[in-house]
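Remarks on the structure that follows.
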Amino acid sequence: DVKVTQSSRYLVKRTGEKVFLECVQDMDHENMFWYRQDPGLGLRLIYFSYDVKMKEKGDIPEGYSVSREKKERFSLILESASTNQTSMYLCASSLGSGTDNSPLHFGNGTRLTVT
Amino acid sequence: DQQVKQNSPSLSVQEGRISILNCDYTNSMFDYFLWYKKYPAEGPTFLISISSIKDKNEDGRFTVFLNKSAKHLSLHIVPSQPGDSAVYFCAAPPGTGFQKLVFGTGTRLLVSP
């Protein structure tokens, strides 16, 4: 069974801090994603990666960056946290290499509060 | 611009009855749709999918119907159970081949005993 693990369930950070959200998957998946979930807005894609060291912007990349140095790990970085980045952050992974319709497997989320 | 829309933020049904969750989409190029279920404090989990070559896909108590001409899909749960209480998201890949998904805003289903 696929396991996607997010390192923190809850985080509280101050405005202006640099924040790292870590995600690890154990199924050798090619693709990894970062979404945020907000009430009334659903899940919105921030960044995704389809290979080590590769990254692509999603729909709302502003204020974020990512790092994928190893296949199993995908990090989301908030360069200078702001209150409008208070949200639930969800990491996901999926098979790649032609299996285009394989479902995403999500972690349990990190609820980030920026004060 | 919301390409996948779930216009009902919430739905309440009684145990044993049918739950119908609706989803509309705007992009006629979408050719695959998925439903995810999300419990509080957990990540979304894949529930059921449908390809645009079909108009119906069934898996146990869950059936998804697709009406391409109306750009509408629905998820039917029969019979509904209290454990089905969750937020349901419909989603579609925009067709870039990397499985990134566009999600709707979700419908919170409450099934009461």
Side-chain angles (χ1 to χ4, degrees), chain A residues 1-6 8-10 21 23 25 29-51 54-61 66 68 74 88-111, chain B residues 1-10 21-25 27 29-54 57 59 62 64 66 86-108:
Chain A
D1 206 15
V2 177
K3 189 162 186 184
V4 179
T5 303
Q6 295 183 232
S8 303
R9 294 300 301 268
Y10 300 95
L21 302 183
C23 175
Q25 51 95 2
H29 281 176
E30 303 287 337
N31 305 318
M32 296 190 74
F33 308 81
W34 276 105
Y35 284 86
R36 63 179 279 179
Q37 181 194 1
D38 300 288
L41 297 176
L43 279 70
R44 293 179 294 166
L45 180 64
I46 305 171
Y47 266 97
F48 66 101
S49 167
Y50 52 90
D51 201 353
M54 305 300 288
K55 60 184 179 184
E56 293 283 342
K57 292 180 180 178
D59 298 318
I60 51 164
V66 290
R68 193 159 180 209
F74 192 37
M88 169 69 81
Y89 289 87
L90 293 159
C91 175
S93 71
S94 71
L95 287 170
S97 302
T99 52
D100 283 354
N101 291 328
S102 62
L104 301 185
H105 298 267
F106 284 88
N108 284 336
T110 296
R111 182 163 293 283
Chain B
D1 186 27
Q2 198 79 23
Q3 297 186 71
V4 179
K5 300 178 183 180
Q6 294 176 259
N7 292 319
S8 298
S10 63
L21 295 94
N22 293 305
C23 180
D24 297 296
Y25 60 95
N27 190 338
M29 298 300 292
F30 286 167
D31 61 2
Y32 192 77
F33 303 89
L34 306 92
W35 285 93
Y36 281 79
K37 178 169 74 173
K38 186 180 184 301
Y39 293 118
E42 294 184 14
T45 55
F46 169 70
L47 186 59
I48 193 170
S49 63
I50 187 167
S51 166
S52 61
I53 62 173
K54 295 185 174 182
N57 189 29
D59 183 2
F62 302 90
V64 57
L66 176 61
V87 178
Y88 291 78
F89 294 96
C90 64
T96 59
F98 296 117
Q99 301 106 52
K100 64 175 186 173
L101 296 177
V102 175
F103 284 84
T105 53
T107 296
R108 182 177 301 277

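Throughout, a chain's letter reflects where its sequence line sits, starting with A, and its residues are numbered from 1. Everything numeric in this text was worked out from a predicted model, so none of it was measured.
Smallest separation of non-hydrogen atoms from B:Phe46 and A:Pro103: CG-CB, 3.6 Å. Closest approach of A:Leu90 and B:Gly43 over heavy atoms only: CD2-CA, 4.1 Å.
A:Asp38 meets the salt bridge (charged side-chain N to carboxylate O under 4.0 Å, His left out) test with A:Arg36, A:Arg44; sequence neighbours excluded. Under the side chain to side chain donor-acceptor pair (under 3.5 Å) criterion, B:Lys37 pairs with B:Tyr39, sequence neighbours left out.
Here A:Leu104 contributes atom CG and B:Phe103 contributes atom CZ; the two are 5.5 Å apart, rounded to the nearest 0.5 Å. Taking CG of A:Asn108 as the reference point, atom NZ of B:Lys38 lies at 8.5 Å (rounded to 0.5 Å).
The closest donor-acceptor contact from the side chain of A:Tyr35 to the backbone of B:Leu101 lies under 3.5 Å.
Interface check for chain B: of the options A:Leu41, A:Leu43, A:Leu45, the most heavy-atom pairs under 4.5 Å are formed by A:Leu43. Each of B:Ala91, B:Gly106, B:Ala41, B:Pro9 has some count of heavy-atom pairs under 4.5 Å with chain A, and the biggest count is that of B:Ala41.
When heavy atoms are compared at a cutoff of 4.5 Å, A:Gln6 does not approach chain B at all.
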